[in-house]
2 protein chains.
Amino acid sequence: MGIEDRKQRHKDDLKETILRAAKELFLEKGYEATSMRNIAEKIEYSAATIYLHFKDKNEVFYALHKEGFRMLVTEFRTLENVSDPFERLKAMGHVYVNFAVENPDFYQLMFVMAQPLEVLKLDLTLCWDEGDDAFRVLLETVIECQKLGYFKGFEPNGFSFMVWSTVHGLASLRTSGHLDHVRQVKTQMADINVVTKHTMDTFMSMMEQLK
Amino acid sequence: MGIEDRKQRHKDDLKETILRAAKELFLEKGYEATSMRNIAEKIEYSAATIYLHFKDKNEVFYALHKEGFRMLVTEFRTLENVSDPFERLKAMGHVYVNFAVENPDFYQLMFVMAQPLEVLKLDLTLCWDEGDDAFRVLLETVIECQKLGYFKGFEPNGFSFMVWSTVHGLASLRTSGHLDHVRQVKTQMADINVVTKHTMDTFMSMMEQLK
DNA sequence: TTATTTACTGAACACTGTTTAGTAATCTTG
DNA sequence: CAAGATTACTAAACAGTGTTCAGTAAATAA
């Protein structure tokens, strides 16, 4: 029995071990399809043990939610050395959509799923700190662009929300499969990556014309 | 074969009764939280009976999915008498977002949830006919706008995908609560409806400048 | 040495979607 | 009319779910 085997080995941070296993399973099979027993089995503990470290399945979810934002913000940080703010804005768009495509479950976790109300109210400041960071980076980039003459006459908050909507909308339609469906039925475009890029490029060149 | 007709009618009645009950429960408690037994209980049949009319829970879902699109397309049709295509495009945006705000579960059902792959492959043409209709209406409006000099030099498919992304992104961030969260933390805007409208107006006036 | 705390688990509870074997009632046919 | 076939339906079971809780063995403290 695996449980007996495990007792022979020494234990370090069990909470972290649970998160690593949960992350792997979530990214592999999705949130709904991963059971607490699956996670427990993977780390050779009983399911009940997870409840000693996390209130419920949602709390495991939110720990990873936070980690997802750290990943995204880290990727955004690598763009800090792109000096031209409009080029940076374009790069941010691509990083955002690529992140969604490469980590669809994390993306779902972070931006698509509606937050259960209790957690939203209690952890409001806690669990979205990194998300707010990401928005702040966007807003600052928009303001920088405006200093260079882009988006003249637009209120920066509204403009940032609009950019976020477009990029998030594209990421969401892309990862849900709806974009691909309409591509197949309505267009002659070769594959989903072409459509994604084409849509993004259309938006970027639209913004470029607002110089 | 009047008797055959009557039998078929009775069968259709029950199928419709199931859908009405499922719709009420889905809109009230959401898809995941509604069980087949819940639906059965509501109409005072056994759960197994539902499986005589629908292959599985997903098929109930897709029947309503289709109905949601019929509702949205119906709302779009009322805009056909708006003669100016750019005004019509703006109105479509508002109808779309309002639909999402007023029917968040239907919206989730139609645009947010990732389609289970089997159904996507089998029912591809069937279950999204109305969705494709909605996209076609958008595409035609974009083309009409271009005839009036808007969006010059943009490929209409890509432009339509971009418009859809933005409007869907706004609807999705709005209904998930993320938009409201960032509003609270980052802006001084009064309430979520103001932000939603402001974001939409920003996008519309951006498009207007492409004349 | 004894008492207490810690770390963990097996089993149970109340659910879930789905299948199947079976039952009554109705319809068809000899 | 009687017997067989068809229909409409269901109770019960299966294998799974998230979660709780009583209980246990080991480590630590008194």
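On a predicted model such as this, the values are computed, not experimentally measured, just so you know.
Out of C:dT9, D:dC9, C:dT18, the shortest distance to the side chain of B:D56 is found at C:dT18. Between D:dT19, C:dG10, C:dG17, one nucleotide has an atom nearer to the side chain of A:S46 than all others, and that is C:dG10.
Here the C1' atom of nucleotide D:dC9 and the CD atom of B:E44 are 15 Å apart, to the nearest Å. In this structure, the CG atom of A:N38 is 13 Å from the C1' atom of D:dA15, given to the nearest Å. If you take CZ of A:F61 and P of D:dT17, they are 19 Å apart, rounded to a whole angstrom. Rounded to a whole Å, the CE atom of A:M36 is 8 Å from the C1' atom of D:dT19. Rounded to an integer number of Å, the gap from CD1 of A:I50 to C1' of D:dT20 is 14 Å. Rounded to an integer number of Å, the gap from B:Y51 OH to C:dA21 P is 17 Å. If you take CZ of B:F54 and P of C:dG17, they are 15 Å apart, rounded to a whole angstrom. Per the geometry, CD belonging to B:E59 stands 15 Å off P belonging to C:dG17, to the nearest Å.
A donor-acceptor contact closer than 3.5 angstrom is absent between the side chains of B:N193 and B:T196. Inspection of the B:H53 and B:Y45 side chains reveals no N or O donor paired with an N or O acceptor under 3.5 Å. Side-chain contact check for B:N157 and B:S160: no donor-acceptor pair (N or O, by modelled atom type) lies under 3.5 Å.
At the heavy-atom level, B:T49 lies under 4.0 Å from base atoms of the strands shown.
For D:dT10, the OP1/OP2 oxygens have no side-chain nitrogen or oxygen of B:Y45 closer than 4.0 Å.
Heavy-atom nearest nucleotides on DNA chain C were determined for B:S35 and for B:A48, and the one closer to the 5' end corresponds to B:S35. Each of A:A47 and A:R37 lies near DNA chain C, and the nucleotide nearest A:A47 is the one positioned closer to the 5' end.
Between B:K23 and B:E16 there is no salt bridge, since no side-chain nitrogen of the basic residue lies less than 4.0 Å from a carboxylate oxygen of the acidic one.
Rounded to the nearest 0.5 angstrom, B:Y31 OH and B:L25 CG are separated by 13.0 Å.
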